[in-house]
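The structure appears right after this line, and notes come after that.
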Amino acid sequence: MAKTPQAIRGTQDIFGADAEAFAFVVETFERVRRLYRFRRVEMPVFEKTEVFSRAIGETTDVVSKEMYSFEDRGGDSLTLRPEFTAGIARAFLSNGWQQHAPLKVATHGPLFRYERPQKGRYRQFHQIDAEIIGAAEPQADVELLAMADQLLKELGIEGVTLHLNTLGDGDSREAWRAALVEYFRAVKDELSEDSQERLEKNPLRILDSKDRRDQKFVADAPKIDDFLTEEAKAFFEAVTSGLDAAGVKWQRAESLVRGLDYYRHTAFEFIPDEGSEAAGKLGSQSTILGGGRYDGLMESLGGTPTPAVGWAAGIERLAMLVGDKTQDRLEIAIAAEHRDREAEAAQAIAMFRRLGFQAELFASGSPRKRFDKARKTEPGILISMDVRDGKPFQNWQGTYPEIDREAEAHAAFTAVWELPDDDHYG
RNA sequence: GCGAUCGUAGCUCAGUUGGUUAGAGCGCCGGUUUGUGGUACCGGAGGUCGCGGGUUCGAACCCCGUCGAUCGCCCCA
């Protein structure tokens with residue numbers, strides 16, 4: 001026998017309860033984004049490599065070693081999208097969507113990063129994504145965050161808190177960064193090896209280091225608040241007061257940062273509370289939804305400066321938190337307990353399905369075992385079609401709790417087939 | 001890129017200090033019951049013990065390598 005090929009490392013075949021939970025997340029997202037009037041957008045799964053290398057930054061790990069890149073037959077370097085934002089920005093610019101600004105868009109689908117798989121982390125993974133492009137006001141941040149908050153609530157996810165920070169505008173950020181470098185450089189020898197490297201290329205990242213050696217210095221590190229310009233301060237206050245007015249709970253996270261320079265002002269992540277059920281289910285992958293304002297991105301793709309803010313969330317991670325979502329209960333099962341009744345049973349099942357019932361036919365294998373097989377699916381209605389004493393015979397059994405429209409199903413069935421006189425349903 | 005743990009039937013797992021022909025439950029297939037509905041009874045199929053090498057009279061078990069999975073580190077745009 002030929003060897004069965006195995007799935008690519010870090011890819012997954014989702015089935016059963018996991019697939020139902022996945023679908024529940026997507027369906028809920030689609031419903032909520034309509035409430036907020038975000039427009040659906042479909043994007044290519046691959047782009048020219050430069051879309052990502054320019055938008056994300058050549059030096060980041062994502063671009064330097066985590067992209068699935070390949071040459072097509074024309075010699076162009078293409079890349080499977082590692083995120084949504086860069087592609088959406090490219091589409092916004094190349095399609096002239098400025099005419100729709102401010103534009104609220106939402107999408108979901110697969111993304112690809114060449115990483116070592118672990119809990120809640122795959123090489124092909126899936127995200128939901130929402131962006132507001134061409135809106136410079138803090139109200140856009142508030143609306144986007146309110147939508148995220150409502151989505152998580154409608155998914156039934158508990159014990160998750162919005163961690164919020166501001167990175168200030170360009171000037172604030174530069175001043176803060178310089179102060180951080182100066183502060184940490186003074187204690188460089190006592191920092192972890194990783195953070196000694198971060199000091200040069202990504203000093204903000206030292207703030208969320210997990211290493212104890214770093215953490216004892218983080219508490220007294222310079223705070224962004226001391227470097228905010230008046231405008232940046234007013235912006236952040238408008239965001240927080242807007243969240244309060246919208247009833248979105250949040251907490252300040254002074255160490256929450258974004259490494260890339262084009263991020264401005266608001267940065268946020270929804271993170272499970274310490275010790276919560278959600279935190280336990282996610283392992284070390286704590287953030288379930290994250291985003292921020294990226295006013296500087298469009299320029300890196302050659303567009304005019306365009307303010308924008310957005311977030312994304314991993315569908316797999318959300319699905320781990322929504323609990324068991326089993327398939328809907330089977331409404332009607334028909335067991336053809338005799339080979340001579342198989343055609344009629346198929347006729348009946350087709351009738352029920354056209355009437356909008358979820359119905360399943362049991363007409364294969366040993367006729368004697370078909371009833372048992374049907375019963376094990378615990379249907380709302382269990383119909384037997386058999387031959388007894390040489391004559392066609394059918395039986396109707398309603399089980400508790402009874403399904404909606406049982407009377408309608410019963411009427412449709414008895415219009416064609418007889419049932420015993422003493423039959424009761426419901 | 002680094003580390004830890006784990007790979008036995010379709011699934012969940014047993015398998016004694018290394019010792020005959022590798023087991024169970026579930027699932028699947030078949031048979032039995034003259035039956036208004038059973039968690040029934042009987043039987044069957046299905047395994048290169050991840051793969052390769054080594055130690056040994058003898059390996060699912062010990063050793064090395066390899067592939068894969070899981071979890072963590074790094075990273076997380």
- Item | No-H, no-angle donor-acceptor pair, A:Glu115 side chain to B:G1 base, under 3.5 Å | no
- Does the B:G27 base have a donor-acceptor partner in the side chain of A:Lys376 within less than 3.5 Å? no
- Message: If I take atom CD in residue A:Glu418 and atom P in nucleotide B:U36, what distance separates them, rounded to the nearest angstrom?
- Response: 20 Å
- Do A:Thr399 and A:Glu378 have side-chain atoms, one donor and one acceptor, less than 3.5 Å apart? no
- Query: Should we count CZ of A:Arg39 as having more than 12 external heavy atoms under 6.0 Å?
  - Reply: no
- Item | No-hydrogen, no-angle side-chain donor-acceptor test under 3.5 Å, A:Arg40 and A:His108 | yes
- Message: Please give the distance between the P atoms of B:A59 and B:A69 as a whole number of Å.
- Response: 30 Å
- Item | A:Arg121 side chain near B:C71 phosphate (N/O to OP1/OP2, under 4.0 Å) | no
- Query: Nearest of B:G37, B:U33, B:G30 to any side-chain atom of A:Arg375?
  - Reply: B:G37
- Residue closer to the 5' end of RNA chain B, A:Ser364 versus A:Arg368 (nearest nucleotide): A:Ser364
- Message: If you count heavy atoms of other groups shown closer than 6.0 angstrom to CZ of A:Phe217, is the number above 12?
- Response: yes
- Could you check how far CZ of A:Phe125 sits from C1' of B:C76, rounded to whole Å? 9 Å
- Pick the C1' atom in B:U33 and in B:G7, then give their distance to the nearest Å. 44 Å
- d(CZ, A:Arg370; P, B:C29) in whole Å: 11 Å
- Query: When you measure from the side chain of A:Arg388, which nucleotide among B:C75, B:G1, B:G37 comes out closest?
  - Reply: B:G37
- Tell me yes or no: between the side chains of A:Gln251 and A:Thr161, is some donor less than 3.5 Å from an acceptor? no
- Query: To the side chain of A:Ser384, which of B:C74, B:G37, B:G72 is closest?
  - Reply: B:G37
- Nearest to side-chain heavy atoms of A:Lys119, which nucleotide of B:C71, B:U33, B:U36: B:C71
- Query: Counting side-chain heavy atoms from C-beta on, which of B:G38, B:G31, B:G68 comes nearest to A:Arg9?
  - Reply: B:G68
- Message: If I take atom CD1 in residue A:Ile8 and atom P in nucleotide B:C67, what distance separates them, rounded to the nearest angstrom?
- Response: 15 Å
- Task: Please state how far atom NZ in A:Lys369 lies from atom P in B:A40, giving the value in whole angstrom units.
- Result: 10 Å
- Query: Does a side chain donor of either A:Gln124 or A:Tyr68 reach within less than 3.5 Å of an acceptor in the other side chain?
  - Reply: no
- Describe the nucleic acid contact of A:Tyr263 in one word from base, sugar-phosphate, nothing, applying a heavy-atom distance below 4.0 Å. sugar-phosphate
- Task: Select base, sugar-phosphate, or nothing to describe what A:Gly365 touches, counting heavy atoms under 4.0 Å on all strands.
- Result: sugar-phosphate
- Message: Could you tell me the Watson-Crick or G-U partner of B:G68, where both distances fall under 3.5 Å? Say none if there is no partner.
- Response: B:C6
- Task: To the nearest Å, give me how far apart CZ (A:Phe371) and P (B:U32) are.
- Result: 19 Å
- Give A:Gln394 one of three labels, base, sugar-phosphate or nothing, depending on what nucleic acid heavy atoms sit under 4.0 Å from its own. nothing
- Query: Looking only at atom P, what distance separates B:G65 and B:U70, rounded to whole Å?
  - Reply: 23 Å
- Message: Please name the nucleotide paired to B:C73 by Watson-Crick or G-U wobble geometry with both distances under 3.5 Å, or report none.
- Response: B:G1
- Query: Going from OG on A:Ser77 to CE on A:Met67, what distance comes out if it is rounded to the nearest 0.5 angstrom?
  - Reply: 7.0 Å
- Message: Side chains of A:Glu316 and A:Gln12 only: does a donor on one sit below 3.5 Å from an acceptor on the other?
- Response: yes
- Message: What contact category does A:Asp372 fall into here, base, sugar-phosphate, or nothing, at under 4.0 angstrom with non-hydrogen atoms?
- Response: base
- Would you classify A:Tyr262 as touching base, sugar-phosphate or nothing, given that sugar-phosphate means primed atoms plus P, OP1 and OP2, and contacts are heavy atoms under 4.0 Å? sugar-phosphate
- A:Asn395 CG to B:G38 P: how many Å, rounded? 12 Å
- Item | A:Glu337 or A:Phe112, whichever maps to the more 5' nucleotide of RNA chain B | A:Glu337
- Query: Is the shortest side-chain N/O distance from A:Arg198 to OP1 or OP2 of B:C75 below 4.0 Å?
  - Reply: yes
- Message: Which nucleotide, if any, forms a Watson-Crick or G-U wobble pair with B:G43, using both distances under 3.5 Å?
- Response: B:C29
- Message: Looking at B:G18, which nucleotide sits across from it as a Watson-Crick or G-U wobble partner, both distances under 3.5 angstrom, or is there none?
- Response: none
- Message: Is the phosphate of B:G38 approached by A:Lys373 (side-chain N or O, under 4.0 Å from OP1 or OP2)?
- Response: no
- Can you tell which of B:G72, B:C76, B:G38 lies closest to the side chain of A:Arg116? B:G72
- Query: When you compare B:A4 with B:C76, how far apart are their C1' atoms, in angstrom units rounded to a whole number?
  - Reply: 22 Å
- Task: Write down the distance between CD (A:Glu269) and P (B:C75), rounded to a whole number of angstrom.
- Result: 14 Å
- Query: For B:G72, does OP1 or OP2 lie under 4.0 Å from any side-chain N or O of A:Gln118?
  - Reply: yes
- For nucleotides B:G35 and B:G27, find the distance between their P atoms and express it as a whole number of Å. 27 Å
- Message: When the P atoms of B:G25 and B:C42 are compared, how many Å lie between them, rounded to an integer?
- Response: 11 Å
- Task: Could you tell me which nucleotide pairs with B:A24 by Watson-Crick or G-U wobble geometry, both distances under 3.5 Å, or answer none if nothing does?
- Result: B:U12
- Query: Quick one: do the A:Asp141 and A:Thr266 side chains pair a donor with an acceptor below 3.5 Å?
  - Reply: yes
- Task: Write down the distance separating the C1' atoms in B:A24 and B:A9, rounded off to the nearest Å.
- Result: 11 Å
- Message: Please confirm whether the shortest side-chain N or O distance from A:Ser366 to OP1 or OP2 of B:G31 is below 4.0 Å.
- Response: yes
- B:A14 versus B:G58 - spacing of their C1' atoms, nearest Å: 23 Å
